[in-house]
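Before any comments, here is the structure.
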Amino acid sequence: HEAASDGTGVWVLTLGDALFGAPLRVASRVLFQEHAGLRGGSVHVEAASSLRVAVGQMLGSTGAGLEMSVSRGEAVERRRIVEELVGVDAEGVFVRRPVVHTAGTHLVSGGRGGLGGLIAGRLVERGAGRVVLMGRTVPAEAIEHGGAAVVAAVCDVSQQVMVDAVVAALGCNVAGVIHAAGAISVVSGGNVDLGVLSSMFAAKADGALALHKALASVPVGVFLMTSSTGSALPQPGQTAYGAANGFLEALAVRRRSEG
């Protein structure tokens, strides 16, 4: 609060892999929402050789909530990740939509949650042949739902070993992945500790990374992660939650860049 009142600047500097710097950048957005008048922002630097340029940008800035990246010695203002991911036509209508495949299996993490169950139902409605619901408390059973086999698999998606086992059992027969696992809490930035971060990151961020690694050599038609506007439109009290969603968006950008 003192920083907000006397015009002190706060900057978040991340170096190296943009994927792991994304949560800090999103957390900084919440910081500036919680402390009106606080100037500064976040800067991502790809290589240590560009640190001098980054420091110069920070010292010369008087704005608030700025986001920049420095690559090959050149600083540019960052676009919000949503602009990189979402394609719209001239009328603002989405032009990229996930495709549901009738052959193969669709994995849904967070299968026992309301969102996971809703997604599974929509997959079946749109012709998915087989759906596997992954969850920590999912009963090991299979049911017929509208002609599609819906299979439950007990799996803590934040645990790489368990995710690897589920994927290995399916072989290369994975048509799509929908990562819907996650948790939410409202904690102001000053009260966020490792316990809060761990609870927010476990299912959402750690789970997404576990699925990403497990499917590294498996051709997947759709890899969809349910994020939140909390990263692009941060709200006070959602530092950890927004940061976890920021990781998902950065992972989506990474996967797209890798084809």
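Values below: every heavy atom of this structure, side chains too, minus hydrogens, waters and symmetry copies.
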State which residues pass side chain to side chain contact (heavy atoms under 4.5 Å, CB included) with A205; sequence neighbours excluded, sorted by chain then number. F201, F247

Can you get from L224 to V131 by hopping between Ile, Leu, Val, Met, Phe, Trp and Tyr side chains that sit under 4.5 Å apart? yes

Among L115, V177, L133, whose side-chain contact (heavy atoms from CB on, under 4.5 Å) with V108 holds? L133

For a quick test of reading the model, state the closest non-hydrogen atom pair linking L170 to R130 and the distance between them. CD2-NH1, 3.4 Å

Run the side-chain donor-acceptor check on residues 206-220: report pairs under 3.5 Å with partners two or more places apart or on a different chain.
| from | atom 1 | to | atom 2 | distance (Å) |
| --- | --- | --- | --- | --- |
| H212 | ND1 | R255 | NH1 | 3.0 |

Answer with yes or no whether the hydrophobic clustering places L19 together with M225; edges join I, L, V, M, F, W, Y residues whose side-chain heavy atoms lie under 4.5 Å apart. yes

Are V163 and V151 joined in one hydrophobic group, where the rule is that I, L, V, M, F, W and Y side chains link up if heavy atoms are under 4.5 Å apart? yes

Tell me if a side-chain donor or acceptor on H179 pairs with a main-chain N or O of S227 at a distance below 3.5 Å. no

How close do V157 and A181 get, counting heavy atoms only, and between which atoms? CG1-CB, 4.0 Å

Strictly distance-based, threshold 3.5 Å: is any side-chain N or O of K204 a donor or acceptor partner for the main-chain N or O of T226? yes

Interatomic spacing from OG in S109 to CE in M134 - rounded to 0.5 Å: 6.5 Å

Scan for side chain to side chain donor-acceptor pair (under 3.5 Å) pairs involving residues 157-177, sequence neighbours excluded, and state none if there are none. D156-S158, Q160-D164

A22 versus G246, closest heavy-atom pair with distance: CB-O, 3.6 Å

